[in-house]
Amino acid sequence: MTKGYFITFEGGEGCGKSTQIKLFTEYLQKKGIPCLLTREPGGSQGAEEIRALLLKGDTSKWDKITEILLFSAARRDHLVKKIWPALEQGTTVISDRFADSTMAYQGYGYGINEASIQMVNDTYKMIAGNFEPDLTFILDIAPEVGINRSMARSGNDEQRFEHMDLTFHHNLRNGFLKIASQNPKRYAVIDASGSIDQVHQDIIKQFEERL
Ligand code: T5A
């Protein structure tokens with residue numbers, strides 16, 4: 001049986017990932033491609049329990065190393081319980097965030113710190129080896145616009161990272177762009193400032209060209 005593709009969506013706060021993933025999944029389903037939509041942190045029962053620890057509460061709740069370890073523990077559970085079995089069965093898995101978020105947020109967000117970046121890389125190798133997504137969309141948007149979009153929604157108490165200062169959000173945007181520039185074959189950077197339909201069309205175009 002052919003393995004499924006692993007496709008991830010990344011970007012800063014309120015860049016429109018969830019909106020676009022829904023449209024992208026519908027597009028794949030119309031083409032008859034079996035697919036599974038999931039998210040990080042979370043996606044499996046254990047990882048969803050860790051999600052609540054990470055996304056609720058004070059911005060300074062965890063120190064950086066603890067934070068990397070918690071995201072990585074959640075990711076390992078998600079990979080073992082959900083992502084790898086689905087790919088083995090030939091299902092295409094689409095994840096709302098994955099390991100590039102850890103590099104951008106925990107590696108670059110707090111300011112470039114070689115030790116943190118090294119730790120993010122080493123921890124990933126430990127939990128996932130050489131496994132990586134086949135294609136990653138990075139939805140790029142000015143942090144001021146994304147945070148406004150994100151904050152405008154009511155009833156969301158998972159806003160620990162939205163409340164980080166603007167420097168943090170600029171650092172992580174630059175981090176995502178740097179990550180993408182290191183492997184243009186795997187990463188498609190999408191301008192997320194356009195209309196929902198415009199962004200969707202750009203994503204489809206890149207998908208059809210690349211996979
Ligand atoms: N995190 C995560 C880490 O720090 N390290 C890690 O390793 C991982 C995995 C996860 C948080 O955890 C951090 C990053 C995050 O802070 P999340 O559930 O992914 O949280 O939350 P967010 O990234 O904040 O995602 P959101 O759901 O808030 O935003 P989305 O998915 O980017 O945006 P979406 O689609 O929900 O849209 C937001 C609003 O904008 C509108 C939508 O209708 C919605 O109201 N919108 C648009 N408006 C105008 N034009 C467009 N093109 C629009 N697209 C969407």
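All ligand and atom numbering here is 1-based and tracks the order in the structure. Bear in mind that the values here come from a model prediction, so they are computed numbers and not experimental data.
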Flag for Glu13-His169: side-chain donor and acceptor within less than 3.5 Å: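 No donor-acceptor contact under 3.5 Å links the two side chains.
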Between CG of Asp77 and CD of Glu48, what distance do you get to the nearest 0.5 Å?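 Answer for the CG-CD pair, Asp77 versus Glu48, is 10.0 Å.
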If you take all heavy atoms of Tyr124 and Phe131, which pair is closest and at what distance?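 The answer is OH-O, 2.6 Å.
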Contact residues of ligand 1 with a heavy-atom cut-off of under 4.0 Å?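 Residue list for ligand 1: Glu13, Gly14, Cys15, Gly16, Lys17, Ser18, Thr19, Glu40, Pro41, Arg51, Leu55, Phe71, Arg75, Arg97, Ser101, Thr102, Tyr105, Gln106, Arg149, Ser150, Arg153, Phe161, Glu162, Gly194, Ser195, Ile196.
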A quick test of your reading: do over 12 heavy atoms of other residues, nucleotides or ligands sit less than 6.0 Å from NZ of Lys22?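 At most 12 heavy atoms, drawn from other residues, nucleotides or ligands, come within 6.0 Å of this atom.
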Hydrophobic side-chain clustering at under 4.5 Å (ILVMFWY, transitive links): who's grouped with Ile190? Put none if nobody.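 Once heavy-atom contacts under 4.5 Å are chained together, Ile190 belongs with Tyr5, Ile7, Phe9, Ile21, Phe24, Tyr27, Leu28, Ile33, Leu37, Ile94, Leu135, Phe137, Leu139, Val199, Ile203, Ile204, Phe207, Leu211.
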Okay, side chain of Glu10, backbone of Thr136: is any donor-acceptor separation there less than 3.5 Å?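 Flag not set: sc Glu10 to bb Thr136 has no pair under 3.5 Å.
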